[in-house]
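Contents: one structure, followed by commentary.
Predicted model only: the values in this text are computed from it and were never measured.
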Amino acid sequence: MGEGRGLHLFSIPPHRAFADALAQGLIRRFGGDPMQLARGIILLPTNRARRAITDAFVRASGGGLLLPRLVAIGDPDLDEAAGPFLDPVDDDDPVPPAVEPLQRRLILARLVQAADRDVDAAEAIRLAGDLGRTLDQLLVEQVDPRRMRDVAPGELSQHWQHSLDLFEIILSKWPQELVSLGRIDLAERRNRLLDRVAARWQGAPPGRFVCAAGITTAAPAVARLLKVVAALPNGMVVLPGVDLAMPDAEWDMLGPFDPEARGEGRKRPLETHPQFHLKLLLERMGVQRREIAPWKVATELDARPARSAAIASAMMPAALTTGWSAMDAAARRLSNVRALEVATPAEEAQAIALALREALETEGRTAALVTPDRALARRVAAHCARWGIQIDDSAGTSLSSLPPGTLLLALAEAAAQAFAPMALLTLLKHPLVAAGDARLAWLEGARRLDLALRGPRPAPGLSGLDAHLADADARDAKLRAAAAPWWREVRPMLEPLEAMFAGGAAPLPAMLAQLRDTASALCGDAVWSRAEGRAAASLLDDLERQAPHGPALVEPADLAAILRTVTDEVAVRPVQGGHPRLAIYGLIEARLQTADLMILGGLNEGVWPGLPAPDPWLAPRIRAELGLPGLERRIGLAAHDLAMGLGAREVLLTRARRDASAPTIASRFWLRLEALADGLDRASRLADWAQAIDDPGAPEPVARPEPCPPAADRPRRISVTEVDRLKADPYAFYARRMLRLTPLDAVDADPSAAWRGTAVHDVLERWFREDGGDPARLRPRALSMLEHAPTHPMMRALWQPRLLEAIDWIVARLQAQAQTGRVILGVEGKGVLDIAGVELSGTYDRIDRMADESIAIVDYKTGKPPSTAAVRAGFSLQLGLLGLLAQEGRFETISGTAGAFEYWSLGKGPNGFGYVATPVDRDGRHDRIVTDEFVAVARDNFIDAARRWLTGEEPFTAKLRPEYAPYGDYDQLMRRDEWYGRD
């Protein structure tokens, strides 16, 4: 090609350290005159690449050096970073400024909402992000959006046609928005700047050297600039990893192919191949691969040349991999490349941390982890901290997972949920709230409030919490009263936020301003300090300034989702100060980097390579017809990143066989390398170390606990409801009564069976005492309880039909009994009896007087009554003990001989909800205890238990009768899983 003559094109193969080879080569060529080197310009892809090249120049210089100007063409502020050579101040036709990214996103969100009224503000902002990325691709590829109208509507599904129509509506309005702002898109501005400098340099070559290095993007504007740079007298383009040895037939298989071809003549390009984007760049530059010369500079960080050949073989198209078996063994060998395959991500992170730590044992040795898995990166950094090694993830951490971001999300969630207990406590216990000297006192107050909010949810809002804490009749009234004073101090800080959110949809700037003020009231300046705090402050400031361009009103429930979307996309990168010889990189940050040991981690499908992100706006066929990159092209870029990482002198590949939820599939790259090398060398020593470092040794499970305190220290009081626990699980009785460990309800819990039982008992007691036992008043009383019950509406809806049917059954049953002469004597009465050296107390639910003057002991159950077998085994004798108290005259107004013992269950029975069960029978039928003997049996069983565990020396054995100890409140305390079943 005549146009290609004289072009200065070079490639640095994967086995060479790109940055060091480039720096040494430029010093050799231009370093004779220090000022000539300093006047030069090096165009680089990213700011991270600038840092890599800077470090390489420092290593290569061995002393002082004036660096050339390093310009990252991917920098959003390209003209400011590059200086006047890109956009001179005396230019008669300056390039308009770019619209700010957040401003553009909010405008697009408003346009999305205007085009589709069913989309809420949070979803509109999310879709606007995808829309902006698609728009950028159109601009970068310089595709006219009007070409979409040429797509035949009948060839698309209804979903894609709707998205396409919506996309066209928005794009038709977007240029008008830009004109009104006097700005252009950032991608368009970069195109214009690059085209302008290309035209200027082509017409008047600069009197300095210009080197474009490490740039692989195939954008048309970039390709045009690189071609101009390559043609300059002192210009050169240095590409990373172009396979100059690949056979022409294989090179031609990659594509791209004629997009106008149809039918059988149409071929799909191999966009997943690591050389595809490089070939596309060369084609857009109008040059041939044979015009590229190797960059003949070696460094001490290089691997052997055979490594590049092996990498190329491993990445060849699938149709050619059948030739692997015919290759020489030496050509297939990947020397100094080891593989580590472990069971879990935790083991993988631990092994990687050990490999990094081991690298520090050799003076001057460097090591780096490269992974797209940010969770793995965080784990490795945490493991390194155990040795006092600070190693930061240069890819950054999303603001949404850092304390200032989680605080803003917690504020929005708490306000949106009307300060529900879980959301409120999450906010009040946040580590930034009341940080400093007042933190301990604040946490004490928060813990008191935590205890007071256990159980079902209070009424919504701050007033609902006020009423909850002021309820003097609640069973935990003391806990609520203890929390109330601290809550009264905290409440004023949250009132403005509640007022803002309680009014329904509001302008986003006002909501954000109130969120910021509340965060400052709770945390002071601490929330805005450090790098992450400044990032949060900057984001809120940008959102407040740009919010008027977005959706007019935002629902309170949408704010948290909006903040989650935008904070997820803000990466907070660490300040310098980590270990100088260790690093953690993302895939983009790792480009042009090198180290003595490169650890390529997370090699599983869906991670490396990642799953192609779907485009919600353009169907794949439309993208192909428009000439946009296929969704699979990112796989090719990931393959190129891996190929360059494999070029280090020593490489460690790692993967975990499963993730947090399921088994994983090894990366296609991992499988290719395994197949090529017929099995990679295993880093088995690291795997053993990872398992051994935290190995506690042989487990020594404890024996079943059997505490045996002196008889004098044992409780002398017991209620009839505790007797079963004492006999079936003495350890649970010991933990509750002697250790005073009471189980806590969950925060914001659904109503438990115990809560429902208490509520029903309260209804029946109030009905008898306040309504005089009038059957007509029982159902209204139950409805009143349900209406005011502090429970979730869904739970109330599910329970109400069952409860009301059971209540109707109780009314009918009482009316039938009244006709037989049976009447209610009392409800919820208490009694105490001294027996066997202890004080036995009990409270009956109801006692009736029978027609024969005997009494009936009635116990209400919301679930299933005790079984006959349990009673026969000496358990569930509560009714018998209550009969004993009545027989001994220990209830204030009721005494007599019990002739009936009944469970009135509100559960499902043979004829609907509500039925009567009894543990006794007058003649002992059905293996039940004889009615007249029931009190005596209960008394004898209790005396035996009291003498063994309360006044005697019997140990409190854990789970003595597990079949009658169904509750596991103290299982962890007794370490049940260590000993249960070993016998």
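A salt bridge links E141 with R284: the closest approach of a Lys/Arg side-chain nitrogen to an acidic carboxylate oxygen falls below 4.0 angstrom. At a threshold of 4.0 Å, the pair D130-R133 counts as salt-bridged, since one of the basic side-chain nitrogens sits closer than that to a carboxylate oxygen. The residues D641 and R634 are annotated as not salt-bridged, no charged nitrogen and carboxylate oxygen being separated by less than 4.0 angstrom. Taking a cutoff of 4.0 Å between a charged side-chain nitrogen and a carboxylate oxygen, E100 and R105 do not qualify as a salt bridge. Salt-bridge formation is detected for the pair E589/R573: a Lys NZ or Arg NE/NH1/NH2 atom is positioned less than 4.0 Å from an Asp or Glu carboxylate oxygen. Ion pairing of D393 with R378 is absent here, as no side-chain N (NZ or NE/NH1/NH2) approaches a carboxylate O to less than 4.0 Å.
Residue L540 holds its CG atom at 6.0 Å from CG of L512, rounded to the nearest 0.5 Å. A distance of 6.0 Å separates CG of L239 from OG of S11, quoted to the nearest 0.5 Å. The structure places CG of L270 at 11.0 Å from CD of E632, a figure rounded to the nearest 0.5 Å. Taking CG from D558 and CG from L553, the interatomic distance works out to 11.0 Å, rounded to the nearest 0.5 Å.
Residues Q137 and R623 bring a donor and an acceptor atom of their side chains to less than 3.5 Å of each other. There is no side-chain donor-acceptor pair under 3.5 Å between D659 and T664.
Residues forming a side-chain hydrogen bond (donor to acceptor under 3.5 Å, both in side chains) with E271 (at least two apart in sequence, or on another chain): R633. Annotation: side-chain hydrogen bond (donor to acceptor under 3.5 Å, both in side chains) contacts of Q103 (sequence neighbours excluded): H549. Legend: residues meeting salt bridge (Lys or Arg N to Asp or Glu O under 4.0 Å) with E188, ordered by chain and number and at least two apart, are R192.
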Take S667 and N604, measure what side-chain hydrogen bond (donor to acceptor under 3.5 Å, both in side chains) needs, and give me the verdict at the end. CA-CA 4 Å; S667 167; N604 285 323; over 6 Å; no

